[in-house]
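First the structure, in the form of structure tokens, and then the observations on it.
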Number of protein chains: 2
Amino acid sequence: MRDPLPDFPGYSLRRAANATAAELSSRLAELELRQVDASLLILIGENPDVTASALGRQLDIQRANMVPLLKRLEDAGLIDRKPLDGKSQGLVLTSAGEEKCKQAQAIIEAFETEMLQRVPEPHREHLLPALYALWN
Amino acid sequence: MRDPLPDFPGYSLRRAANATAAELSSRLAELELRQVDASLLILIGENPDVTASALGRQLDIQRANMVPLLKRLEDAGLIDRKPLDGKSQGLVLTSAGEEKCKQAQAIIEAFETEMLQRVPEPHREHLLPALYALWN
DNA sequence: TAACAATTGTTGTTGCTTATAGCAATCCAT
DNA sequence: ATGGATTGCTATAAGCAACAACAATTGTTA
């Protein structure tokens, strides 16, 4: 079939993102985590006592949508909340959460390495800076 | 906030795809088209009498999910169906569909050009081949 | 040619994700 | 001290894709 779409960088960007996201998701599923979950665990691990709204701003997730996400993680015993003041609550990893986070990071790093291997050598080092420029 | 995520190519890939998709979507909205719609119009334009299942295979969209997509385009008077044999039907652009398709292509090409401009010169030419390798 | 397998278009359902609006409580700055 | 902003939350709606199932038709091969 004649298909001019792959010649559009934007189209290839979407397809590449879909393909890699599907692969990573299936690997994270073994930890019963989704990509968002892993992102949240990593950010909370790096920033103890971060608030839900700050996380949302960082990940471009609206406040309202953070609620069910964090509830899942809390119900799974991966994070804890402790009140910082009357209205804000700090988020921290539980010990189970730290363990999961480590495992997730291992999976993600292995995945990223494999992914980069798929990119032909001369283009490889240009991928990250090129992508970064597109959303910053 | 400490945020190691942007250093992961996979994460930057997802963020870049989201950011660019949002931008392109808002531009296509002026034609009352979504990205899928535009993709379908372009493919049908290039391949008259293509079937719904062939389109789905090309775009990695399941047969079942093609139904509402094509129905929208048909209801909008952009495509026509004609039976090829007892069960298959060929899809073609109506004249209105061809007009829309041209407009969409203009918007997309302008968008792609602007998008590439955002990528610093030394990385630019590597973007498409790098992305292509990730989903093929 | 008769039986079996694969394909096509479709329906209906489900779950996931995001958008949106609104609300009460609290914090902060003038 | 008051008004505006922020935080966490509820509830709702919409869009999108996955999945299973089905009837009709086509093709393959024994």
Side-chain angles (χ1 to χ4, degrees), chain A residues 1 14-15 17-26 28-29 32-40 43-44 47 49-76 79-92 135, chain B residues 1 11 14-15 17-26 28-29 32-40 44 47 49-76 79-92 135:
Chain A
M1 180 183 319
R14 187 154 60 107
R15 294 298 298 259
N18 286 346
T20 56
E23 170 65 18
L24 178 56
S25 288
S26 89
L28 284 176
E32 293 183 339
L33 290 180
R34 296 166 307 168
Q35 287 187 62
V36 212
D37 301 326
S39 307
L40 289 171
L43 277 189
I44 295 173
N47 304 275
D49 281 348
V50 70
T51 65
S53 353
L55 279 182
R57 277 190 295 272
Q58 189 70 23
L59 295 173
D60 275 325
I61 299 175
Q62 299 195 21
R63 254 175 322 144
N65 297 327
M66 293 294 298
V67 179
L69 297 180
L70 294 176
K71 178 162 172 23
R72 276 173 54 97
L73 296 179
E74 193 181 20
D75 289 348
I79 64 172
D80 262 340
R81 319 187 190 216
K82 53 176 180 181
L84 294 181
D85 55 35
K87 68 175 176 185
S88 300
Q89 41 194 331
L91 303 169
V92 289
W135 65 280
Chain B
M1 182 183 318
Y11 180 80
R14 186 154 60 109
R15 293 297 298 259
N18 285 346
T20 56
E23 171 66 17
L24 178 56
S25 289
S26 90
L28 285 175
E32 291 181 343
L33 290 180
R34 295 166 307 165
Q35 287 186 60
V36 214
D37 300 326
S39 306
L40 290 171
I44 296 172
N47 304 275
D49 281 348
V50 70
T51 66
S53 353
L55 279 182
R57 276 190 296 272
Q58 190 70 21
L59 295 173
D60 274 326
I61 298 175
Q62 299 196 14
R63 270 199 327 281
N65 297 326
M66 294 293 299
V67 179
L69 298 180
L70 294 176
K71 177 160 171 28
R72 276 173 53 96
L73 295 179
E74 193 181 21
D75 289 349
I79 64 173
D80 263 340
R81 319 189 190 215
K82 51 178 180 180
L84 294 182
D85 55 35
K87 67 176 177 185
S88 300
Q89 43 193 328
L91 304 169
V92 289
W135 66 280

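Everything numeric in this text was worked out from a predicted model, so none of it was measured.
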Presence of Gln89(A) side-chain N/O under 4.0 Å of dC9(D) phosphate oxygens OP1/OP2: yes
Leu70(B) CG to dT11(C) C1', straight-line distance once rounded to whole Å: 15 Å
Leu40(B) CG to dA17(D) C1', straight-line distance once rounded to whole Å: 14 Å
Between C1' of dT8(C) and CG of Asp85(B), the distance in whole Å: 9 Å
Rounded interatomic separation in angstrom, taking CG from Leu69(A) and C1' from dT10(D): 15 Å
Between C1' of dA11(D) and NZ of Lys71(A), the distance in whole Å: 15 Å
Side chain to side chain donor-acceptor pair (under 3.5 Å) assessment of Ser25(B) paired with Gln35(B): CA-CA 6 Å; Ser25(B) 289; Gln35(B) 287 186 60; 3.0 Å; yes
Donor-acceptor under 3.5 Å (Asn65(A) side chain, Ile61(A) main chain): no
Ser88(B) side-chain N/O to Asp85(B) backbone N/O, donor-acceptor pair under 3.5 Å: no
Options dT20(C), dT11(C), dA18(D), nucleotide nearest the side-chain atoms of Val67(B): dT11(C)
Rounded distance (nearest 0.5 Å) linking atom CG of Asp49(A) with atom NZ of Lys82(A): 4.0 Å
Value in whole Å for how far the P atom of dT8(C) lies from CG of Leu91(B): 12 Å
5′-ward residue of the pair Lys87(A)/Arg72(A) relative to DNA chain C: Arg72(A)
Gap between atom CG of Leu73(A) and atom CG of Leu91(A) - 0.5 Å precision: 9.0 Å
Close residues, residues 52-63 of chain A, relative to DNA chain C [heavy-atom separation under 4.0 Å]: Gln62(A)
Whole-Å gap separating P (dT14(C)) and CG (Asn65(B)): 16 Å
Nucleotide dT7(D), atom C1' - distance to CZ of Arg81(A) in whole Å: 12 Å
DNA chain C: 5'-proximal contact among Ser88(B) and Ala64(B) (nearest heavy atom): Ser88(B)
Atom pair CG/CZ of Leu70(B) and Arg72(B) - distance to nearest 0.5 Å: 11.0 Å
Nearest-0.5 Å distance, CG of residue Leu55(A) to CG of residue Leu43(A): 6.0 Å
